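Please read all numbers here as calculations on a predicted model, not as lab measurements.
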Amino acid sequence: IYAYGSPRITMDGSEADEIVINGTNNDSRINLRSRSYVPLVRLYSGAQLSDSSSRSSSSSSYSSGFSEVVFEENMSSSARSTLSGNYDTVDVYAERQRITFNDGRIENMTIDENASRGQYNVSSNSTINYLDVAGRYSEFTGSGTIKMADVRARNVSFQHDPETIFGDYD
């Protein structure tokens with residue numbers, strides 16, 4: 001699915017291999033419900049992603065939710081995005097992103113060295129299990145949980161320190 005402009009997409013019991021968002025006003029919205037599944041979302045503009053479908057714990061091969069979200073390098077530096085739900089991987093390659101995690105879990109999050117000066121709000125109902133930060137001047141606010149962080153950049157700040165921190169940062 002390629003979405004341009006300001007799309008509002010709700011998937012109900014559906015599956016799409018990939019969604020590409022190239023919106024105009026940071027107001028694109030994608031909502032997954034009833035065991036919908038999207039393995040890859042590529043963002044070139046801000047968006048609101050919401051996963052209200054439940055992850056299956058059964059032996060079924062059918063998954064639900066978003067698996068990987070990529071904030072592409074040539075994304076607008078004024079983009080604002082909100083993620084709700086559970087994600088396997090979130091990769092940020094774009095600089096100056098403002099990303100809010102309202103609730104849910106991110107298994108692995110990577111902030112690339114080109115993704116400097118990002119602002120990431122981890123709300124109280126959110127958990128990042130593993131965070132790899134190479135983007136300088138990254139700022140993490142909010143009262144959510146970051147379990148383990150590997151910080152490989154200078155001038156990274158945390159409002160609440162991760163439970164475990166590796167690396168050398170200021």
Side-chain angles (χ1 to χ4, degrees), residues 19 21 26 29-33 35-43 46-60 62-73 75-170:
I19 295 177
I21 302 291
N26 295 324
R29 294 181 186 181
I30 309 295
N31 182 30
L32 302 185
R33 297 190 310 202
R35 298 181 49 85
S36 293
Y37 178 61
V38 179
L40 178 60
V41 177
R42 295 185 183 279
L43 297 175
Q48 294 180 21
L49 303 181
S50 176
D51 171 17
S52 54
S53 65
S54 61
R55 294 226 177 237
S56 173
S57 60
S58 69
S59 61
S60 169
Y62 185 76
S63 297
S64 63
F66 296 103
S67 183
E68 180 178 7
V69 177
V70 178
F71 293 81
E72 296 291 352
E73 187 172 359
M75 187 173 177
S76 168
S77 63
S78 62
R80 295 177 185 213
S81 298
T82 303
L83 303 179
S84 298
N86 297 324
Y87 301 83
D88 294 328
T89 305
V90 174
D91 295 322
V92 182
Y93 297 101
E95 67 179 355
R96 297 183 186 271
Q97 296 304 297
R98 293 182 185 178
I99 302 171
T100 298
F101 308 109
N102 276 342
D103 60 64
R105 174 196 51 80
I106 297 172
E107 193 61 39
N108 295 294
M109 181 174 184
T110 301
I111 311 296
D112 186 75
E113 65 184 319
N114 295 319
S116 62
R117 301 186 187 281
Q119 297 176 341
Y120 308 94
N121 183 292
V122 184
S123 73
S124 63
N125 296 327
S126 297
T127 299
I128 300 173
N129 285 330
Y130 178 77
L131 174 64
D132 180 9
V133 183
R136 294 177 47 197
Y137 300 100
S138 295
E139 177 183 358
F140 294 85
T141 60
S143 58
T145 301
I146 299 173
K147 291 192 174 183
M148 184 181 302
D150 185 1
V151 180
R152 301 178 292 117
R154 297 279 184 206
N155 301 307
V156 174
S157 65
F158 295 96
Q159 182 176 357
H160 295 286
D161 283 340
E163 293 175 6
T164 304
I165 300 177
F166 298 101
D168 181 26
Y169 74 102
D170 295 340

Subject >> Closest approach of His160 to Ser143 (non-hydrogen atoms, all atoms of both residues) >> reply: CD2-CA, 3.5 Å
Subject >> side chain to side chain contact (heavy atoms under 4.5 Å, CB included) between Tyr137 and Ser157, worked out >> reply: CA-CA 7 Å; Tyr137 300 100; Ser157 65; over 6 Å; no
Original post:
Looking only at side chains, do Thr110 and Asp132 share a donor and an acceptor under 3.5 Å apart?
Top reply: no
**OP:** Could you tell me whether the side chain of Val38 reaches within less than 4.5 Å of the side chain of Ser67, counting heavy atoms only?
**Re:** no
**OP:** Show your working on salt bridge (Lys or Arg N to Asp or Glu O under 4.0 Å) between Glu95 and Arg117 and close with a plain yes or no.
**Re:** CA-CA 6 Å; Glu95 67 179 355; Arg117 301 186 187 281; over 6 Å; no
**OP:** Specify the closest pair of heavy atoms between Ser81 and Leu43, including all atoms of both residues, with the distance to one decimal.
**Re:** OG-CD1, 4.4 Å
Subject >> Closest approach of Arg152 to Ala134 (non-hydrogen atoms, all atoms of both residues) >> reply: NH2-CB, 3.6 Å
Original post:
How long is the span from the OH atom in Tyr120 to the CZ atom in Arg98, to the nearest 0.5 Å?
Top reply: 12.0 Å
**OP:** Measure the CG-OG1 distance between Asn121 and Thr100 for me, rounded to the nearest 0.5 Å.
**Re:** 5.0 Å
Original post:
Which atom pair, heavy atoms only, marks the closest approach of Met75 to Ala94?
Top reply: CB-CB, 3.6 Å
**OP:** State the CZ-CG distance between Arg33 and Asp51, to the nearest 0.5 angstrom.
**Re:** 12.0 Å
Original post:
Are any side-chain N or O atoms of Ser138 and backbone N or O atoms of Ile111, one a donor and one an acceptor, separated by less than 3.5 Å?
Top reply: no
**OP:** Would you check if there is a donor-acceptor pair between the side chains of Thr82 and Asn102 at a distance under 3.5 Å?
**Re:** no
Subject >> Closest non-hydrogen atom pair, Asp103 against Ser123 >> reply: N-OG, 4.0 Å
**OP:** May I ask you to decide if Gly46's main-chain N or O and Gln97's side chain share a donor-acceptor pair within less than 3.5 Å?
**Re:** no
Original post:
Between atom CD of Gln159 and atom CD of Glu139, what is the distance when rounded to the nearest 0.5 Å?
Top reply: 8.5 Å
**OP:** Mind listing the closest non-hydrogen atom pair of Phe66 and Ser50 along with its distance?
**Re:** CE1-O, 3.7 Å
Subject >> From Asn129 atom CG to Arg105 atom CZ, the distance as rounded to the nearest 0.5 Å >> reply: 6.5 Å
**OP:** Would you check, one step at a time, whether the test side chain to side chain contact (heavy atoms under 4.5 Å, CB included) holds for Leu40 with Ile19?
**Re:** CA-CA 6 Å; Leu40 178 60; Ile19 295 177; over 6 Å; no
Original post:
Quick one: does Phe140's side chain get under 4.5 Å of Pro162's, heavy atoms only?
Top reply: no
Original post:
So do Val90 and Leu83 actually touch side chain to side chain, heavy atoms under 4.5 Å?
Top reply: yes
**OP:** Quickly, which of Val122, Thr141, Val151 forms a side chain to side chain contact (heavy atoms under 4.5 Å, CB included) with Phe158? Name it, please.
**Re:** Val151
**OP:** Could you tell me whether Glu163 and Lys147 have a side-chain N and a carboxylate O separated by less than 4.0 Å?
**Re:** no
**OP:** Drop me the distance from Asn114's CG to Glu73's CD, to the nearest 0.5 angstrom.
**Re:** 4.5 Å
**OP:** Using the side chain to side chain contact (heavy atoms under 4.5 Å, CB included) rule, pick out the option among Val156, Ile146, Val92 that qualifies with Val133.
**Re:** Val156
**OP:** Answer whether the closest heavy-atom distance between the side chains of Thr127 and Phe101 falls below 4.5 Å.
**Re:** no
**OP:** In sequence, state the C-alpha distance, the side-chain angles, and the governing distance for Ile30 and Ile21, and then conclude on side chain to side chain contact (heavy atoms under 4.5 Å, CB included).
**Re:** CA-CA 9 Å; Ile30 309 295; Ile21 302 291; 3.8 Å; yes
Original post:
Is Leu49 close to Tyr87 at the side-chain level, that is, under 4.5 Å between some pair of heavy atoms?
Top reply: yes
